[in-house]
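Quick one: this structure, given as structure tokens, is what I'll be asking you about.
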Protein chains: 2
Amino acid sequence: MKRMLLLLVPLCLCHSAFAADDLTSRANKLFKPIPTKAPPLKGNPATAAKLELGKKLFFDPRLSSSQLISCNTCHNVGLGGADLQETSTGHGWQKGPRNSPTVFNAVFDAAQFWDGRAKDLQTQAKGPVQAAVEMNSNPELVVKTLKSIPGYAPLFKAAFPRAADPIGFDNMAKAIEVFEATLLTPDSPFDRFLKGDAAALSAREKRGLRIFMDKGCAPCHAGTNVGGADYYPFGVREAPTTEIRPAGDTGRFMVTNTESDRYVFKAPSLRNVAVTQPYFHSGKVWKLRDAVTVMGSAQLGVKLKDGEVEDTVAFLKALTGKQPRLSYPLLPGSSDETPHPQLK
Amino acid sequence: MKRMLLLLVPLCLCHSAFAADDLTSRANKLFKPIPTKAPPLKGNPATAAKLELGKKLFFDPRLSSSQLISCNTCHNVGLGGADLQETSTGHGWQKGPRNSPTVFNAVFDAAQFWDGRAKDLQTQAKGPVQAAVEMNSNPELVVKTLKSIPGYAPLFKAAFPRAADPIGFDNMAKAIEVFEATLLTPDSPFDRFLKGDAAALSAREKRGLRIFMDKGCAPCHAGTNVGGADYYPFGVREAPTTEIRPAGDTGRFMVTNTESDRYVFKAPSLRNVAVTQPYFHSGKVWKLRDAVTVMGSAQLGVKLKDGEVEDTVAFLKALTGKQPRLSYPLLPGSSDETPHPQLK
């Protein structure tokens, strides 16, 4: 009996090794690890000067008319690049319409915002700055403010050396894009698994990964960002409750005015999903296991068993990567010419 | 003639050197440089674990009921430790009653708040967390929130190893105090001058320093913080306008209920004053030269000449020290048990 068991052990190990190889190779056909370096940006080559400027701008609340709200307010780099709010709170304590997506790895999304209305991060960056419910400013006020802060002049000049008038709204957005493109979270357990470390995922996490691929999550959530690549109706098989999918927010329909785009949203990246609750564009679901259950019924038309939900959640937690380590930037001081905060 | 001039040069240099020595020694009788290290805290010995915890808490918006406002919101470490607002904007976009003082070097103030109602930084830290117009939380909610965040348990345990129940409101404040005590801005031009580098101040800055001492600013603004040591009526010689000194805010009178404390405030530290506009408890004066003029008339009963104001401003600008360089802390993630943000 003992001898038989001893004989079985290597066989089991082999089988397990083959199974892991099989899982690794299946996963590598669908997903890609987060790179450790920012990708090249179309028409906006990164430089150290742009990066330094973009970082200061990202943290500078003077881009908002109240001078209280910075990009970092809703995309807090200490909190997974998001804000832990159902939907973001902005100027005048107004509630924004949608949940703030994490800025981390956002550069790998095919387009920005839940409805993809901004084609890249520099286009996106101009949105919240001007949105009345967010930072409530406008290009004229932003440029006037930035020009009034003496310390920004040399930074813009260094970042845009060939520009006749370097301080501008577009250049602000370009610098922010360069900075945001560096906010990556590589080296999650899943990334290490993809790169060949079969032990990087636990047995439960591997079961979760299988479920994720076998049940049909991966067609919408694949690639580098495990999502973020395309648009899908929220409620492919079964409409979610109006609490979770409010009737008034029709998603891409509001961008394209095309009937088939009603309640269509970008499948969000699931990178760092375990630390960026609450979930969905409405932010109405707080627990990851509830979000998984909703996805099962709404998108796949299946009622996932408790064990399947737990395994999937375990896998999703393995998508939390190394969070960016940043120094807090010192912002150049205001001058007597700097517009005063406008709180109204 | 040439020979006479040549003879005069060394005499002038000698005179100038004596004058600088004289100025240095006069200044050293009144002022002290900002140390490079945090001072010991009464009853709250600093440890690396407390510092790490305190830093995370300082940046954690989950200390507010909305989970949007952190200590750093009004004491922005990238903006001189203050917020560039007349008076701070808090929960529900409410306007607070007074201008947010910088947290930098605040540990050297004799007491905290404009009216000194908190004897130290740990007492102070509990105020804004609970103030309805600031972070709008309460000790129960704060402790419940902190206990729901798994990553805080080992940090509190390490910071308070002998406590039976380390996560508490008092310990939160103690850790924040330890962190805030490290937010120092040493090595300003004035500090280098005090330490013997006569060339650290320009001729104009030295003239400003003389005016500062000769005209009577220094009796209220002296010591390490060039202020922050005691309380004085705002309007010793002449009441400021009610715009600058609103009638409803009677300062220490509201703390002591003593008639002689009406419109009495702590003389604020002038450290980093050039980067922490606007000025006075009301935040109604934006330009440093205007603040100097108001001080001349209100406190000294003199109308300072334009040149004197400019020289004084030049000296005050030399009080801007090296701003603290910090890494942005990664905050431990919320859990399913973490209370949700309360925006109402």
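Chain A is the first sequence line, chain B the second, and so forth, proteins listed ahead of strands; every chain is numbered from 1.
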Enclosure of Lys144(A) NZ (heavy-atom neighbours >12, cutoff 6.0 Å): no

Aromatic plane relationship, Phe59(B) with Tyr328(A) - under 30° parallel, 30 to 60° tilted, over 60° perpendicular: tilted

From CA spacing to verdict: side-chain contact (heavy atoms from CB on, under 4.5 Å), Leu79(B), Arg62(A): CA-CA 10 Å; Leu79(B) 286 170; Arg62(A) 289 168 295 185; 3.7 Å; yes

Pairwise distance CG(Leu331(B)) to CG(Asn76(A)) - rounded to 0.5 angstrom: 6.0 Å

Derivation of the side-chain contact (heavy atoms from CB on, under 4.5 Å) call for Trp93(A) and Thr89(B): CA-CA 10 Å; Trp93(A) 210 251; Thr89(B) 301; over 6 Å; no

Interface residue of largest heavy-atom contact number with chain B, from Gln323(A), Lys95(A), Glu86(A), His91(A), under 4.5 Å: His91(A)

Best-contacting candidate, Pro329(A), Gly333(A), Ser334(A), against chain B by heavy atom pairs under 4.5 angstrom: Ser334(A)

Heavy-atom proximity to chain A below 4.5 Å, by part of Asn72(B): side chain

Selection from Ser335(A), Pro278(A), Ser66(A), Ala274(A) maximising heavy-atom pairs under 4.5 Å formed with chain B: Ser66(A)

Ser88(B) OG to Leu68(A) CG distance, which is reported to the nearest 0.5 Å: 8.0 Å

Sequence-distant partners of Val309(A), side-chain contact (heavy atoms from CB on, under 4.5 Å), two or more places apart: Arg289(A), Val292(A), Thr293(A), Leu304(A), Val313(A)

Gln277(B), part contacting chain A, at a heavy-atom distance under 4.5 Å: side chain

Chain A contact via Ser70(B) - side chain, backbone, both or neither, heavy atoms under 4.5 Å: neither

Contact origin within Lys56(B) toward chain A - heavy atom pairs under 4.5 Å: neither

Partner chain A: residue of Asp290(B), Leu326(B), Thr338(B) with the largest heavy-atom pair count (under 4.5 Å): Leu326(B)

Sidechain-backbone polar pair: Gln67(A) side chain, Asp83(B) backbone, donor-acceptor under 3.5 Å: no

Gap between atom CG of Leu330(B) and atom CZ of Arg325(A) - 0.5 Å precision: 4.5 Å

Region of Pro61(B) that comes under 4.5 Å of a non-hydrogen atom in chain A: side chain

Option in Pro341(B), Cys74(B), Pro332(B), Ser327(B) with maximal non-hydrogen atom pairs under 4.5 Å from chain A: Pro341(B)

CG-CG distance between Asp336(A) and Leu288(B), expressed to the nearest 0.5 angstrom: 8.0 Å

